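Have a look at the structure below, then the notes.
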Amino acid sequence: QLQLVESGGGLVQPGGSLRLSCNASGFNLENYAIGWFRQAPGKEREDVGCISAGDGSTYYEAATEGRFTVSRDNAKKMGYLQMNNLKPEDTGVYYCAAEPELRDCDELRYDYWGQGTQVTVSS
């Protein structure tokens, strides 16, 4: 059965770094695009970035300002989100998602989601 589980969230000071992991099971991840999303308290869910299945190309939302990097390891069935120079406005619940890749990863509607992991950036 297809399942995604996020980990790596926690409390970090402004300017610090975190690496989030997304562990996939029950399917062949190499055929799926991986997307990352976040939702801050009282706000709508927003895109963070994604990585395609075929060539591993990545896409990022402007809000990341070059601070985030999306990667994947198909052999380990893992996706990653490296976050550097974190800011208080990065606080929120972060989700990974997967979708069979029929087009660029930033154009997909994702059907498979993890439960999310909390990221808190505070002094």
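These figures come from a predicted structure and were not determined experimentally.
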Heavy-atom pair with the smallest gap, counting every atom of Leu86 and Arg67: CA-NH1, 3.8 Å

Result block: side-chain N/O donor-acceptor pairs under 3.5 angstrom for residues 104-116, not counting sequence neighbours:
from	atom 1	to	atom 2	distance (Å)
Tyr110	OH	Cys105	O	2.8
Trp113	NE1	Tyr110	O	2.9

For Asn74, the option from Lys76, Arg72, Lys77 that meets side chain to side chain donor-acceptor pair (under 3.5 Å): Arg72

Rounded distance [0.5 Å steps], CE in Met83 versus NZ in Lys87: 13.5 Å

Whether Asp47 side chain and Gly49 backbone form a donor-acceptor pair below 3.5 Å: no

Side chain Glu101, main chain Ala53, donor-acceptor under 3.5 Å: yes

side-chain contact (heavy atoms from CB on, under 4.5 Å) partners of Ser17, counting only residues at least two apart: Gln82, Asn84

Steps toward side-chain contact (heavy atoms from CB on, under 4.5 Å) verdict (Asn23, Leu4): CA-CA 6 Å; Asn23 186 21; Leu4 300 172; over 6 Å; no

Joint cluster assignment, [X] & [Y], ILVMFWY side-chain distance < 4.5 Å:
{"X": "Val119", "Y": "Leu81", "result": "yes"}
{"X": "Leu2", "Y": "Trp36", "result": "yes"}
{"X": "Phe68", "Y": "Val121", "result": "yes"}
{"X": "Phe37", "Y": "Ile51", "result": "no"}

Quick one, [X] and [Y] - any side-chain contact, counting heavy atoms below 4.5 Å?
{"X": "Leu29", "Y": "Ile34", "answer": "yes"}
{"X": "Glu6", "Y": "Cys96", "answer": "yes"}
{"X": "Ser122", "Y": "Pro88", "answer": "no"}

Without placing hydrogens or testing angles, list every side-chain donor-acceptor pair under 3.5 Å for residues 57-64, not counting sequence neighbours.
from	atom 1	to	atom 2	distance (Å)
Ser57	OG	Ser52	OG	3.3
Ser57	OG	Asp55	OD1	3.0
Tyr60	OH	Val70	N	2.8
Thr64	OG1	Glu61	O	2.9

Set of ring-ring contact (aromatic ring centres under 6.0 Å, His included) partners for Tyr32, sequence neighbours left out: Phe27

Under the ring-ring contact (aromatic ring centres under 6.0 Å, His included) test, residues paired with Tyr80 that sit two or more places apart: none

Over 12 foreign heavy atoms within 6.0 Å of CD, Gln13: no

Qualifying residues under salt bridge (Lys or Arg N to Asp or Glu O under 4.0 Å), relative to Arg38, sequence neighbours excluded: Glu46, Asp90

